[in-house]
Amino acid sequence: METLIFYTTAFFILAAAGYVVTTMNIFRAAIGLTGVLAGIAGLYLLMNAQFLSAVQITVYVGGIMVLIVFAILLMPEASMHLRRENPKWFRFIGGVSAALVFAVLAYSITAFIGAQDAAGTSLEPAAASIREIGLALLSPGGNGFVLPFEFVSVVLIAALIGATTIAKRTPNPETKEEQE
Amino acid sequence: MNIFVKTLRGLKGLLSGMGLTFGYFARPSKVITQQYPENRNTLKLPERSQARIDLIKNAETGRYNCIACGLCVKACPNNSIELTKFKDPETKKFRPEKFVYHFERCLVCGLCVEACKFDALRMTSEFETAAWSPDDLVEILNKDDPWAHDDKSDIGQQTAPDKNEQTASPARDTDRQEHTGAEEKTIQPKDRSPK
Amino acid sequence: MESYIYRTDKLILDLTEWLTEATGSAFAAEVVKMSIAAAVLSAFVGLLAMILIYIERKVAGHMQQRVGPMRVGPHGILQTVADSIKLVAKEGLTPKNADAFIFNLAPLLVFASSFACLSFIPFSPGMTIVSFNVGLLFILGIASVGVLGILAGGWASNNKWSVLGAMRSGAQIISYELSATLALLAIVPFFGTLDFQEIVLSQQKGWWIWRAPGVGLLGFLIYTIASTAECNRTPFDIAEGESELTGGFHTEYSAMKFAMFFLAEFINIFIVSAISATVFFGGWMPFHIEGLDTLNRVFDLLPPIVWFFGKVACLVFVVMWFRWTFPRLRVDQLMHFEWKYLMPLSLINLALAAIAVSAGLYFFN
Ligand code: SF4
Ligand code: SF4
């Protein structure tokens with residue numbers, strides 16, 4: 001039964017992904033992308049990774065996608081259907097890079113599975129509770145991720161400050177605009 | 001510090017607003033909405049509600065207060081009032097011969113009442129004034145005067161100033177008589193006594 | 001039979017057992033159970049929206065010294081039924097130059113996300129349709145998908161006021177989502193779980209709104225404000241600013257598609273109130289005061305589901321009360337309020353909560 005659900009979801013994801021790259025309307029592509037991301041959240045659920053699934057929905061579907069859609073709404077060109085006007089070699093390069101990415105992914109996945117098989121560990125996904133995830137994120141020990149965690153927060157702070165600086169209204173000395 | 005004071009003051013305002021609305025909510029007796037057709041018999045309109053105008057009678061003499069000065073006719077933006085006057089031989093004062101009120105043109109603005117310097121005009125709260133034809137809405141307000149009775153045939157031959165000759169007086173047609181007959185059928189507001 | 005009302009967890013267990021026996025496999029039983037749940041939930045949603053709309057109109061009326069609907073049925077109780085029939089019978093228009101696919105998809109997205117949230121709500125012991133160990137996180141995530149539907153609907157309408165309304169709406173929802181989430185997160189350390197049923201169980205000794213010292217109350221206030229804004233309700237209803245935007249993102253929608261937006265709006269009110277009731281007011285847990293056993297037993301007489309709906313009803317009433325009292329904010333005031341006051345406040349609240357938890361500062365231990 002799980003296999004059936006997996007294949008249905010996987011088919012849905014692939015179809016949506018195909019739609020994203022083939023449609024000529026950028027907004028529809030964004031909606032398709034939402035479908036892909038939500039489908040992936042479904043796959044996580046199937047693997048019993050509920051926390052990851054929730055994070056996937058919160059961050060990607062609820063956060064990133066909304067951001068993308070917002071960006072599209074701010075573009076005047078969004079409502080136009082784009083025309084194919086790229087030169088032939090664009091498509092050629094695209095095809096080659098897609099094939100390369102696929103090859104790398106396929107290789108790494110098979111290698112990973114092979115390594116797992118060799119080590120004799122099971123491929124069954126372990127259901128990690130939030131407690132474990134939280135401890136792992138914040139423990140400084142060998143299994144801990146506190147350093148990357150802190151780095152990420154520094155990067156985010158930098159991004160926030162940068163965004164504020166860009167968005168800040170530069171005070172005009174002549175009009176002496178009152179800032180509330 | 002300022003911001004805390006401001007916040008507290010704002011909160012106080014919001015809370016008192018909520019208190020007010022909850023007060024209304026908790027006391028259904030305060031509801032103003034009238035369930036109109038059902039409570040037609042017990043309907044109580046607010047004192048200042050405005051509907052069609054009426055003349056005021058002097059309680060002692062039984063005469064209308066109106067001295068036919070024509071101020072209301074001038075004040076009316078829609079030319080809804082037509083007035084003919086005559087000199088009363090008894091008092092040597094002008095009295096309205098026919099005070100014709102075209103309710104079909106009136107917008108119940110109250111400017112005429114405001115203009116009247118002699119406390120002769122008022123707004124009533126009679127709002128059930130539906131009629132079958134606009135002509136039914138033409139009414140003679142000083143109808144208690146014996147000479148003003150029911151005969152509207154010469155309406156329009158007025159002496160009072162007329163702002164717009166062409167549209168001011170409705171066309172006289174022969175149907176008029178029939179409609180005047182039908183006038184008894186229109187809803188006659190009950191409360192007509194002066195304040 | 002009677003005990004089932006109090007012990008709904010037992011009811012669910014027995015039902016599962018009986019279904020497994022009847023169908024012969026655990027999987028089939030699960031499927032049947034889910035179908036029942038879906039059917040019940042659908043009926044519930046329709047009924048809930050109708051009742052909420054009726055109550056909203058009545059509350060609105062009485063708060064303004066009016067009476068609300070009075071004509072259809074005694075005291076107008078059939079008014080929403082009549083309205084729904086009218087809505088269903090209407091013609092569903094799609095504007096000529098609209099993107100029909102997305103235009104029709106958008107209300108579904110909004111509705112589906114609200115509907116999905118309902119399945120995480122703990123109505124009664126054991127009565128949660130999907131029981132996750134990260135239920136709270138999931139519900140917050142899914143709720144944010146609704147924004148996409150609103151943005152898509154506004155864009156696909158091919159109407160610039162719709163787009164403007166959608167963008168206002170979207171900006172507002174994602175901004176206030178932060179405060180709402182942070183306010184809830186501040187309470188999470190106290191109960192140490194994200195599973196809704198466990199959250200309720202952790203409040204046996206007292207509801208978190210007063211058990212968590214100060215933080216609970218502050219969190220509740222922040223959450224109430226932020227969730228009101230998230231539902232796009234007055235005083236935060238600039239998205240629908242009728243005078244400027246003629247209805248905002250759903251200007252072009254009619255008939256069933258409009259009904260879906262409308263339905264989703266009212267379900268959202270229910271959901272945020274239900275979350276608030278569960279997290280701050282003990283969900284279906286009856287009100288208990290330690291030591292007063294007689295009183296506690298009297299309170300226990302009411303079945304948990306009544307407790308749950310009672311609490312939710314009170315919170316929904318508060319939200320309606322806001323709507324019919326407060327004036328509307330301007331869009332810049334709205335953003336100022338969120339980013340300059342509410343957000344910092346909820347971050348402070350979170351820090352305070354962390355300190356309180358690590359110091360073991362609970363009441364009613
Ligand atoms: S109420 Fe206004 S419109 Fe009517 S008669 Fe008086 S002045 Fe004219
Ligand atoms: S203004 Fe008064 S007194 Fe003069 S004509 Fe009109 S109603 Fe009569």
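Only heavy atoms go into these numbers, but all of them, side chains included; no hydrogens, no water, no symmetry mates. The chains referred to below are lettered A, B, ... by the order of the sequence lines, with proteins before strands, and numbering in each begins at 1.
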So which heavy atom on B:Met18 is nearest to which on C:Phe322, and how close?
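Answer, listing the atom of B:Met18 first, then C:Phe322: CE-CE2, 3.5 Å.
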Residue pair B:Thr33 / C:Arg66: nearest heavy atoms and the distance that separates them
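Nearest pair, atom of B:Thr33 first, then C:Arg66: OG1-CA, 3.2 Å.
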Taking atom CZ of B:Arg9 as the centre, does the number of heavy atoms from other residues, nucleotides or ligands within less than 6.0 Å exceed 12?
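No, CZ of B:Arg9 has 12 or fewer neighbouring heavy atoms, counting only those of other groups under 6.0 Å.
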Is it the case that over 12 heavy atoms from other parts of the model lie below 6.0 angstrom from the CD atom of B:Glu47?
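No, not enclosed.
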Using 0.5 Å steps for rounding, measure from the [atom1] atom of [X] to the [atom2] atom of [Y].
X	Y	atom1	atom2	result
C:Gln64	B:Tyr24	CD	OH	10.5 Å
C:Arg71	B:Gln35	CZ	CD	5.0 Å
B:Thr21	C:Met320	OG1	CE	14.0 Å
B:Ile32	C:Gln65	CD1	CD	4.0 Å
C:Tyr341	B:Ile3	OH	CD1	4.0 Å

Specify whether C:Phe317 and B:Phe25 have parallel, tilted or perpendicular ring planes, treating 30° as the upper limit for parallel and 60° as the lower limit for perpendicular.
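Ring orientation, 0 to 90° scale: tilted.
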